[in-house]
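Structure in structure tokens, see below.
Nothing fancy with the numbering, it's 1 onward along the sequence.
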Amino acid sequence: MLDILSNGADWNEPCVPITTLIKKLNEKPLDPIYESMGNFIVKVNPVTDTQHDIRHKGCTQFFGHFATIPFVFNIITDEKVVIEELTKAIRMNQQRLDYEALKNHTSMY
């Protein structure tokens with residue numbers, strides 16, 4: 001199952017393909033604020049988290065936005081390949097120098 005709730009310039013914009021998100025993850029830094037909200041990747045548990053329905057049980061949710069461009073994402077899936085690709089791209093993004101600089105700047109406040 002792949003449920004793309006948002007993937008584009010705005011939370012309510014029509015969604016673009018996941019390949020666009022992966023390309024942007026390679027080019028621009030994410031907003032480090034999402035580290036405190038699950039670090040961009042969370043396991044869905046509809047029993048304790050009422051915002052998800054039962055069909056999302058066992059899925060992984062990817063959500064956040066970028067720090068320097070208007071682009072947001074909220075993707076729920078149980079597809080192993082998608083989970084692996086997005087997890088790798090997000091974790092690599094968090095190792096970028098510009099991400100680290102944003103994170104250090106943000107933590108000063």
Determine yes or no for a side-chain-to-main-chain donor-acceptor pair under 3.5 angstrom, with N39 supplying the side chain and I41 the backbone.
no
Minimum-distance pair of heavy atoms, taken over all atoms of S6 and C15
CA-SG, 3.9 Å
What is the distance from atom NE2 of H56 to atom NZ of K43, rounded to the nearest 0.5 Å?
14.0 Å
Counting C-beta onward and ignoring hydrogens, is there a side-chain heavy-atom pair between V81 and E85 closer than 4.5 Å?
yes
Is the backbone N or O of V16 less than 3.5 Å from a side-chain atom of T20, with the two atoms forming a donor-acceptor pair by type?
no
What class does the angle between the rings of F73 and F40 fall in, given that below 30° is parallel, 30 to 60° is tilted and above 60° is perpendicular?
parallel
Apply side chain to side chain contact (heavy atoms under 4.5 Å, CB included) to C59 and T77, showing your working.
CA-CA 5 Å; C59 290; T77 187; 5.9 Å; no
Do K24 and F66 come close enough that some side-chain heavy atom pair is under 4.5 Å?
yes
Using atom types as modelled and distance alone, determine if a side-chain donor or acceptor of N93 lies under 3.5 Å from a backbone N or O of A89.
no
Exercise: identify the closest heavy-atom pair between M37 and F63:
O-CZ, 2.9 Å
Taking the side chain as every heavy atom from C-beta outward, state whether Y99 and P32 have any atom pair closer than 4.5 Å.
yes
Nearest-0.5 Å distance that lies between atom NZ in K88 and atom CD1 in I83:
16.0 Å
Any chance you could measure D98, atom CG, to K103, atom NZ, to the nearest 0.5 Å?
13.5 Å
Check each of I18, L5, D3 against I75 using the side chain to side chain contact (heavy atoms under 4.5 Å, CB included) test, and report the only one that passes.
I18
Does M92 have more than 12 heavy atoms from other residues, nucleotides or ligands lying within 6.0 Å of its CE?
no
List the steps and the verdict of side chain to side chain donor-acceptor pair (under 3.5 Å) for E13 and N7.
CA-CA 8 Å; E13 291 283 319; N7 194 40; over 6 Å; no
Side chain S36, main chain I33, donor-acceptor under 3.5 Å:
yes
Could you tell me whether the side chain of R96 and the main chain of L30 form a donor-acceptor pair under 3.5 Å?
no
Is V82 close to L2 at the side-chain level, that is, under 4.5 Å between some pair of heavy atoms?
yes
Can you check whether L86's main-chain N or O pairs, donor with acceptor, with R91's side chain at less than 3.5 Å?
no
Test item: side-chain donor near acceptor, K28 and T68, under 3.5 Å:
no
Nearest heavy-atom contact between F62 and I90 is CD2-CD1, 3.7 Å
Donor-acceptor pair, side chain of D78 and main chain of M1, under 3.5 angstrom
yes
For a quick test of reading the model, state the closest non-hydrogen atom pair linking Q94 to E100 and the distance between them.
O-OE1, 3.9 Å
